Amino acid sequence: MKTSELIGALASAGGEPSPPRRPLARIAPAAIAGVVLALAALSLWLGMQPLAAAIRADWFWMKAAYCLALAVSGLLILLPSLRPGGRISAVGLAALAMALAGIAVMAGQEWVSAPATLWPKLWLGDSWDLCPWRILLLAAPIYALLIGGARPLAPTRLGLAGAAAGLMAGGLAGAVYGFYCQEHTAPFVALWYSLGIGLSAALGALVGARLLRW
């Protein structure tokens with residue numbers, strides 16, 4: 001068969017182009033499943049604080065809002081990075097900067113208004129040495145499922161996609177950890193929650209560069 005005949009045969013076959021793979025359609029179910037796994041792991045591992053009292057406290061929602069803001073920032077950076085040749089999302093970076101600036105302002109206001117004798121407690125709480133590592137561990141199942149959902153999309157900026165998935169996983173894990181953690185100061189959250197989520201993003205970049213390779 002000549003090349004011209006082959007082209008004609010293919011054109012007459014009436015095939016339709018395959019629908020584009022939509023990143024959000026793969027990432028959203030993976031994130032939901034990851035959060036469910038993290039919640040189950042938390043309940044079996046550490047348990048949960050009395051939620052009836054916690055949900056009436058401003059500090060509970062402060063932690064949740066900050067962590068979810070970071071998770072959304074990660075999502076906004078992740079989605080465009082999953083397309084071949086995808087670029088860094090300016091909207092995602094702006095959302096990330098706003099979240100970090102917001103918690104920094106809250107931490108600064110709480111710090112300067114407190115007596116100096118309380119400063120160590122504001123920053124260290126009772127679990128500063130455990131908090132980041134617990135968030136990182138809870139982020140692991142979320143990250144694994146996000147990478148599993150992202151891999152078929154064939155991203156080309158692997159480190160960026162891995163870091164964004166790690167940021168999203170870390171933010172969601174921080175929100176999950178808040179169901180157990182009773183630390184209630186903005187300086188603590190700004191330092192130690194941010195460290196755990198930042199470690200998740202950094203490790204996500206390193207691991208994603210390998211796991212997303214195709």
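Remember, predicted model here, so these are calculated numbers, not experimental data.
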*Supply the atom-to-atom distance Ser81 OG to Leu76 CG, rounded to the nearest 0.5 angstrom.*
11.0 Å
*Taking side chain as C-beta onward, heavy atoms only, is Arg134 less than 4.5 Å from Tyr177?*
yes
_Non-hydrogen side-chain atoms of Leu78 and Leu82 separated by less than 4.5 Å_ = yes
*Cys181 SG to Met48 CE distance, which is reported to the nearest 0.5 Å*: 13.0 Å
*Looking at side-chain heavy atoms only, is the closest gap between Ser194 and Val189 below 4.5 Å?*
no
*asked:* Taking the side chain as everything from C-beta on, heavy atoms only, tell me whether Tyr143 gets closer than 4.5 Å to Leu203.
replied: no
*Hey, are the side chains of Ile88 and Arg157 touching, using non-hydrogen atoms and a 4.5 Å cut-off?*
yes
_Short side-chain to backbone donor-acceptor contact, Trp128 and Trp192, under 3.5 Å_ = no
_Over 12 non-hydrogen atoms of neighbours within 6.0 angstrom of CE in Met98_ = no
*Is the number of heavy atoms from other residues, nucleotides or ligands within 6.0 Å of CG (Asp129) greater than 12?*
yes
*Show the numbers, then the answer: is there a side-chain hydrogen bond (donor to acceptor under 3.5 Å, both in side chains) between Thr185 and Glu110?*
CA-CA 8 Å; Thr185 68; Glu110 190 171 342; 4.7 Å; no
_Heavy-atom closest pair, residues Phe188 and Ser127_ = CZ-OG, 3.6 Å
*Mind checking whether Trp123 and Trp111 have ring centres under 6.0 Å apart?*
yes
*asked:* Counting only heavy atoms not in Trp133 (residues, nucleotides, ligands), do more than 12 fall under 6.0 Å from its CH2?
replied: no
*asked:* Quick one, Cys131 and Ile135 - any side-chain contact, counting heavy atoms below 4.5 Å?
replied: yes
*From CG (Leu24) to CZ (Arg26), nearest 0.5 Å*: 12.0 Å
_Measuring only between side-chain heavy atoms, which start at C-beta, is Gln49 closer than 4.5 Å to Phe179?_
no
